[in-house]
Each structure stands twice: as structure tokens, then as C-alpha cells.
Participant: 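One structure coming up, written as C-alpha cells, with questions to follow.
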Amino acid sequence: MKKRLLLERKNYNPLEFEEKIYKYWLPYFRAKKSKKNFIILIAPPNITGSLHMGHTFQNFILDTLARYKRMAGFHIVWIPGTDHAGIATQNVVEKELRKEGVTRFELGREKFIARVWQWKDKYGQTILNQFRRLGLSLDWSRSRFTLDKEYTKTVQKAFVDYYRKGLVYRALRPVNFCPRCQTSLSDLEIEYREAKGNLYYIKYPLKGSGFVIVATTRPETMLGDVALAVNPHDETKSELVGKIAILPLVMRELPIVTDQRVDPKFGAGILKVTPAHSLIDYEISLRHDLPMVGVIDEKGKMNHNAVQFKGLDYLEARRQIVDYLDKQNLIEKIEEISHQIPLCERCGTEIQVIPSDEWFIKMDYLANLAYKLVKDRKVDIYPAKFRKPYFDWLRNVRDWCVSRKLWWGQQMPVWYCKHCHTQSFQVSINRPKRKCSLCKGTEWQMTEEVFDTWFSSALWPFAILYKKNEKEWYPADIVASAREILHLWITRMIFSGQFFLKKPPFKRAFIHSTILTKDGKRMSKSLGTGVDPLELISKYGSDSVRFGLLWQMTTHQDIRFDEQPIEQGKKFLNKIWNAYRFYFMKLEEKDINFKNKNLSSADKKILSALRSTRKFCQRKIEELELGLALKRIYKFFWNDLCDIYLESWKGESKNNPMVFKEVMIETLKMLHPWLPHLTQLIYFALGHKKPLFFERWK
RNA sequence: GCGCGUGUAGCUCAGUGGCAGAGCGUCCGUUUCACAUACGGAAGGUCGUUGGUUCGAACCCAACCACGCGCACCA
């Protein structure tokens, strides 16, 4: 790729060169230990899909930063990887099976997992190849997967460690349960949908005489009622406190208690307490020492506590119970309301809250760790407006349910006695040698439960950046994340890192804006509102797309996607290409006297503009205001350099060729983080043989 | 309900107290020897609304309206 190339072509076509240039760079992306490392923690994409706008945007930001830092003298460490994405991947493969008419249960655990590995081999690579197409400066020789052997071991060890330090417990507690996925879910894996429903006002007779009215949207759970509750400050209800109500259908006696979680303005101002099927009710039951009576099982069917309704689907049970109550004249009225229904984030099935045997991590100590690190600025959550939601979440967080009854994930290092089953367990990586404390048996079986995929993600920085007695790149300088996984991922990495390595896993967490559709809606594959970044790249080239996205980037506002700035990017590439052509032509035409030290006024102006632009950009890049920096460079290039300075070279010119030369190379360096492929190509054409990112910004 | 953010040209957005800006789009003109993916020019705005502070407000303050997001509730 010589000078000739530049002179021959009046126009630049990015698609022609980008992939070749990327291949040329690869060996130079190797991570190595250095006194001046700049370490980036990648967000490993799920193996479920292909590159979307969010990945593209996030990694363009990081790559631009990486190239800038490299040109400021740092050695970059940026290691790629993919996430097994437990429930998400399991569901995609299940969907595939459904087309073949097979369920995962018919296939069996082992065969099913083999199927998922097949999926992983096929699609896990796809998304990484797409990262290459973006031009990211990643060290491919160290790529990791969250389910590789070493990683799994790290995850299991971490759990054992938590257990030994007393942060893990196993409990029968109501949890969010997806009847289709057949697993528990954390609060963060649920989404809500607005739906119309009925609010049933039901008469509960009082012991002695009279009755109270209780409103509920879910009459079928009333068979699990163990109390009624009113707000302690609700004077209109105070004479009820201490009385006993009778649960219709089963005639159970229900004490009437007070609890502040009751909203006196909702419904009839009386809450039926059903600890087995509501998290709030469960909390109330702990405060009042109430039992838990479950009536719905994990398939969403009524269980033996539901007397004559046993075996019915919960919706059918609701219908029959309302029917029964109505015949007994116990329905006061039915109101139509609009309320939020909890759905499984991954499959859309309505969530049931049911009691289930699960493993929990105590959050108070860990939440406190995470809180302090950000409060003391040991971790910079940036922009600062995300600090408040971070603190709020940690203040209110519940214990973390980390067990999942899925098949795809890291198996928990928990062993149950073959005879006593879940009554007796050991927590250890290897098969326990101890005797069972109940039956003295010595046969242990590893549990089929796996970890919440976010439990493993929380250990990502630890697993990929830290190795004892070897190269250590922990902690990272920066991680970038979408807003929606602030708690799911960022927060949990912070306390996990601090807990295990006594150091937070990164110095700065950058929460970048979201790319929305042109009408400000969420981009979603299923709604068909997504824009495929790869299509854009094959239309305009990677540099143009990078330009277009970064051009629109701000740190404080979401982006409404617009193809136009990408188009503008492509034109800009052409403008740059031609500016360098012009430079060549002039140098060839003129017999340059390099000893000339005189500067024209145009020389002085362009040097000054170059300096101030560079200074401005350095400041803005550190603030991650890449959009502002890019706009400034664009303006400098088009107006100061092309419109004024290059024009001043036309005709008779008193400009100094040395200045010309310097300005053109310095400008090329300044452009490189934004337009890496093009600038590298021109750099070659200028006669250089090394990667442009080895140059330094002055 | 609580919190965060946004509202500036047809569109996407810059603009932190001193003459309202950019890119695209639109209209008119130009193939002049780097680039028609270019160049020259033009039209286009009650800066969400109301009030306040100020010599002066797009910018600071208050209230309101609209939109987006997060959290909680969702019995």
C-alpha cells in the first residue's frame, strides 16, 4: 500500500481495506505486563445472539479510548470473552428443540447440555467475529468463556468461600418461580406488564359475628392465608386489631394484626397475609411469627392444601373459588383494575411466587462493602447521576437467591446425602469424605442445581484479570456498561471483588447512554425495532459507523438512532482521503526547501488551531465526552485545515512545507482513535510500516 | 408514589449570564486543476409554558406541562 494508491483513487471505499488492516494489527494487540498498563474490562456478550447496537456502541467507545490511551503511552490490556448466559441460552436451545417436538425433559439433562454446547460452538464464535469487524483492539489469544473449566472452578470456590465465612444459607422461602423454565429467579430477572384484571372484594366472617371485607386480585391464594393485616395508623380499622377472622372454605382462624406495609388506601385497606405466595406477606409473617401455607406448586397447579381445588391450574382455581364464594354470598363486589403482572424476563410466562428450597447469599455485609467503596470514591460510578440509584438499591436489597433449577450453568458445589437427600448436605468442591450426620452414610451426590448466571458474571474481572503469582491485571481501569445492568452486574462485581481480593475490580464504571430508535423507543429484536449494526457496517464500513455513533454520543442523554451521521462519517472519510491526496500532490509539485524556517500567517494559524484542538480533545476524552471531542476534530479538519490552510497552498504560497508535513501527520494521529482503519491506511501511504497507534499524541 | 434525565431550526443535536449555532434536509447557483461524498449562497427559531432573580436569561430559581428511564407498589 504505497503512495500510488492514494494518488490513483479519487474516492475512498472503506469496505475495500478494513478487514485487511485489522488482520495486520492483530499481533500488536497482545496484552503484556507493563508499568503503564491501561486495563479495560470487557462486558462479555451472551452467546445467545449476535452483535446489537448496544455492543457496537459500547465497544466503539472503549476502543476509541483504548487507542487514545495507547497513543498516550499506555500498554492496553483488553481481553475478550463470552458469557454462557444461563437461563437465556437454555431457553433459546429449548425453543429450537420445541421446533423438533422435543422437550428438554424428554431429552434428559446430559443430552440437553451437549446440545447447548453445540449451540455455543456455533454461535459463541459468531459474536466474537463480529467484534473483529468493529476493529476492536482485543487480545484474542486470551479469549475466555464463563463456563470453561477454570472459570467454573473459580465460581465454585467463591461460593465455598462465602459459605465458610457464613454468608450462605439454604432456606425454604417464597421465591419468584417461572413455571415454564422450572426455576427460581431473582428480583432483577423479572419484568412487568400492564394488564387488566379484577379486584375481588371478599367477605371474611369474624369470629362471633359480622365480617370484614378484604380485596385481592388473586382469590386462589386465599387458601394460603394465615392472617389479615391493617395499617397501624389506620384509625378506621383499629377496632379490628386483635380480633379473629374466619377463612371461608377451610374455616381457618386468622388473627388480625397491624403492619406498616399495608396501604390503607388500597382496596378495602385490609391485606390478607399469604406468606407462601407473596414476598411482602412473607416479611410480615416473620414479624408476627406466622406460619407459611403453600397452595400453588411449581407448575402453577393447586396443591393438597387447596382442598377440593387440588390439581387445578391456578386460573381455573380462581374461577371456581370465586364461583363458590359468590354462591355463599361472600363476594361484595368485583372491580376492574389495571395492574402490573410479573413475567419471566426470558420466556414471558407469568411468575408465581412459591416457597422453594434455595440457596441465598446474605447481602447486608456485602451491600455495605459496595456502598462504602463508591461513597469513598474508590470506585467512580460515572456519570455521577447513577450514584444515587446505586446507593438506593443497596440500601433496600434483599438476600440474593443464587441457586437455579436450570441445567445450563456452573453446577453448585453442594453435595446431598444419597439417603437423606436434601435433609443433609455438604458444601465443597470435591466429593466429601465425611459421614452424613443423620444416617452416617458416606455416599454423597452432587446437586443438580446451578448458579444464577449473574453470580458467575460477578466474578468476571476476578476470573480473567487475576492470577496468583502470574501476570496480574487486577483491578481494571475501566468497565463500560449499559444502564440496565448496573445492579445486576456492576454492583455485584464491586462487592465480589472487594470480598475476595480486598480491592474493587475497576476504578471507573462508565454507564453509557442507550441507543433508542428514531422515535425514542427501545430497540428490540422481537418488536422488530432493532437496527442491525452489521448491515450498517457492510454498507458504510466500520469507521463510518463508529463516526456516526460517536458523533451522536453524549454522556448524559440517550441517543435517538440516526443513520445520517453515519453517512456524514463516510463523507468525512472521503474528505480526509482527498486532503492527503492534495498534500501528496503539493509535495510532489514543489521543490521543497526544508531549511526554510519562516512561518506564514496561515502556518501560524493552523499550528495554533491544531494545538488547541488537541488540548480540548484530551480533556474531553478523559471525561468520556467523545462526541464533543469528535465534533471539535471534525470542525478543525474541515474548516481550519481544509477550507483555510489547504486552500492557502493553492497558487503562489508562502507557507512553510515543514509545517505542512507536521500538521498532516499530527492530524492523522489525532484522527486515529476515531477512524482507525482509514488513518492506518494513509499512514502506510505516507511510507510508514508500523501501526499508527505506536505514535504519540504530542 | 419516589428519584433521575430531556424539551433549542423540518430532523438529529451543540450551546452554563452578553448579537440564537452545527450537521443533515429544503431552495438557488457552480463540474474551478484534493474531494459533486465537493464548493458558494439563501430560506428557516416566541429556545416546552408561566412567573421570579438580573442592567441583561436558552442558560440561574420556582411552579406547571409533555416525553423517556430507573426504583418501589402491584394484597
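Protein chains get the first letters and strands the later ones, always in sequence-line order, with residue 1 at the start of each. As a basis for the values below, the full set of heavy atoms in this structure was taken, side chains included, without hydrogen atoms, waters or symmetry mates. The structure displayed is predicted, hence computed values, not measured ones.
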Participant: With the side chain of A:Q557 defined as its heavy atoms from C-beta on, choose the nearest nucleotide among B:rA14, B:rC4, B:rA75.
Facilitator: B:rA14

Participant: Report the distance from atom NZ of A:K571 to atom C1' of B:rA36, rounded to the nearest whole Å.
Facilitator: 10 Å

Participant: Expressed as a whole number of Å, how far does the P atom of B:rG17 sit from that of B:rC60?
Facilitator: 8 Å

Participant: Could you give the distance separating B:rC13 and B:rG1 at their C1' atoms, to the nearest angstrom?
Facilitator: 33 Å

Participant: Does the structure place the NZ or CZ of A:R492 under 6.0 Å from the centre of the six-membered ring of A:W400, at an angle of no more than 45° from the ring's axis?
Facilitator: yes

Participant: How far does the P atom of B:rC27 sit from the matching atom of B:rA14, given to the nearest Å?
Facilitator: 28 Å

Participant: Could you tell me whether the side chains of A:D225 and A:Y204 share a donor-acceptor contact shorter than 3.5 Å?
Facilitator: yes

Participant: Does B:rA75 have OP1 or OP2 under 4.0 Å away from a side-chain N or O of A:S278?
Facilitator: no

Participant: For A:E484 and B:rC69, give me the distance from atom CD to atom P, rounded to whole Å.
Facilitator: 11 Å

Participant: Could one point to a donor on the side chain of A:E647 or the base of B:rA34 with an acceptor on the other under 3.5 Å away?
Facilitator: yes

Participant: Between B:rU37, B:rU12, B:rC73, spot the one nearest the side chain of A:D562, thanks.
Facilitator: B:rU12

Participant: On a whole-Å scale, what distance lies between the C1' atoms belonging to B:rU32 and B:rU16?
Facilitator: 44 Å

Participant: Here's a test for you: under side chain to side chain donor-acceptor pair (under 3.5 Å), which of A:K272, A:R318, A:Q352 qualifies with A:T221?
Facilitator: A:K272

Participant: Between B:rC35 and A:K575, counting only base atoms on the nucleotide and side-chain atoms on the residue, is there a donor-acceptor pair under 3.5 Å?
Facilitator: yes

Participant: Compare the minimum distances between each of B:rA14, B:rA34, B:rC13 and the side chain of A:L628, then state the nucleotide with the smallest one.
Facilitator: B:rA14

Participant: Work out how far the P atom of B:rC11 is from that of B:rU26, and round it to whole angstrom.
Facilitator: 15 Å

Participant: Under 4.0 Å between a side-chain N/O of A:K388 and OP1 or OP2 of B:rG70, yes or no?
Facilitator: no

Participant: Check the phosphate of B:rA14 against A:H556, side-chain N and O only, distance under 4.0 Å to OP1 or OP2. Yes or no?
Facilitator: yes

Participant: Please state the P separation for the pair B:rG40 and B:rA34 - nearest whole angstrom.
Facilitator: 15 Å

Participant: Looking at A:R483, does any N or O in its side chain come under 4.0 Å of the phosphate oxygens OP1/OP2 on B:rC69?
Facilitator: no

Participant: Kindly indicate whether a cation-pi arrangement holds for A:K575 with A:F637, taking the cut-offs as under 6.0 Å to the six-membered ring centre and within 45° of the axis.
Facilitator: no

Participant: I want to check something: taking the side chain as every heavy atom from C-beta on, are A:F547 and A:K570 in contact at a cut-off of under 4.5 Å?
Facilitator: no

Participant: What is the separation between atom CD on A:Q552 and atom C1' on B:rC11, rounded to the nearest whole Å?
Facilitator: 11 Å

Participant: From the set B:rU12, B:rA14, B:rA34, return the single nucleotide nearest to any side-chain atom of A:F582.
Facilitator: B:rA34

Participant: Using the C1' atoms only, state how far B:rU49 lies from B:rC65, rounded to an integer number of Å.
Facilitator: 7 Å

Participant: How far, in whole Å, is B:rU53 from B:rC67 if one measures between their C1' atoms?
Facilitator: 29 Å

Participant: Is there a donor and acceptor pair closer than 3.5 Å between the side chain of A:K10 and the base of B:rA36?
Facilitator: no

Participant: Which atoms form the tightest heavy-atom contact between A:P275 and A:P291, and what is the distance?
Facilitator: CG-O, 3.4 Å

